[in-house]
Amino acid sequence: MLIFTFIVLNVIFAPMSENTEGKVLIGVIEINEAKRLKEKLLKKNLSVELIHNDETCKKSYVSKVEVWAQEEDLEKVQRVIHDENME
């Protein structure tokens, strides 16, 4: 089950404004969970970007990344996440 605080398989290390135009922040989640979600979405021809941002992905025991989706894919991505949480 996907826990929403919130494997491609690369993470972008860059300032937010450079990579997020036309995109919506889905959430900040643990890196392995983010990679798993990204793989699942790719199978449905949807993509998300995983972006490390020091301000939102504060260092803790678990590495986290921001998950960004294209605005036009937002409802489809939300549906996949919702369906996964209902399993």
Side-chain angles (χ1 to χ4, degrees):
M1 176 182 276
L2 179 68
I3 298 175
F4 197 95
T5 37
F6 229 54
I7 218 190
V8 193
L9 303 200
N10 53 358
V11 177
I12 297 169
F13 290 85
M16 285 192 320
S17 60
E18 292 182 20
N19 297 303
T20 58
E21 192 170 322
K23 298 177 184 160
V24 177
L25 178 64
I26 302 295
V28 177
I29 62 175
E30 188 269 326
I31 183 95
N32 291 325
E33 187 70 16
K35 288 179 179 181
R36 189 193 58 71
L37 174 62
K38 185 168 186 168
E39 281 185 9
K40 185 172 192 165
L41 291 168
L42 283 173
K43 290 177 183 175
K44 297 180 181 289
N45 294 319
L46 298 167
S47 66
V48 292
E49 281 192 53
L50 309 181
I51 300 175
H52 176 80
N53 178 345
D54 283 333
E55 291 184 22
T56 58
C57 305
K58 295 182 178 158
K59 301 204 184 228
S60 66
Y61 295 107
V62 180
S63 296
K64 294 185 178 185
V65 292
E66 295 177 346
V67 180
W68 291 82
Q70 294 292 331
E71 287 181 28
E72 61 269 11
D73 293 338
L74 182 59
E75 286 184 35
K76 293 175 187 174
V77 171
Q78 287 174 327
R79 196 171 311 121
V80 170
I81 293 171
H82 176 268
D83 292 348
E84 182 173 293
N85 284 329
M86 298 306 289
E87 293 177 354

Inter-residue atom distance Leu50.CG - Glu66.CD, 0.5 Å rounding: 10.5 Å
Arg79/Lys76 under side-chain contact (heavy atoms from CB on, under 4.5 Å): CA gap, chis, key distance, verdict: CA-CA 5 Å; Arg79 196 171 311 121; Lys76 293 175 187 174; 4.2 Å; yes
List the atom of Glu33, the atom of Glu30, and the distance in Å for their closest heavy-atom pair. N-OE1, 2.9 Å
So Leu42 and Val48, do their side chains get closer than 4.5 Å, heavy atoms only? no
Got Glu84 and Lys40 here, is their nearest side-chain heavy-atom distance under 4.5 Å? yes
I'd like to know whether Ile81 forms a side-chain contact (heavy atoms from CB on, under 4.5 Å) with Ile26, so could you lay out the CA-CA distance, the side-chain angles of the two residues, the decisive distance to 0.1 Å, and finally the verdict. CA-CA 10 Å; Ile81 293 171; Ile26 302 295; 3.8 Å; yes
Grab the two heavy atoms, one from Leu37 and one from Val67, that are nearest each other, plus how far apart they are. CD2-CG1, 4.4 Å
CG of Leu46 to CD of Glu75: how many Å apart, nearest 0.5 Å? 12.0 Å
What are the two closest heavy atoms between Trp68 and Ile51, and how far apart are they? CD1-CD1, 3.6 Å
Report, as yes or no, whether the 6.0 Å neighbourhood of atom CD on Glu72 holds more than 12 heavy atoms from other residues, nucleotides or ligands. yes
Side chain to side chain contact (heavy atoms under 4.5 Å, CB included) against Glu71, all qualifying residues, sequence neighbours excluded: Val24
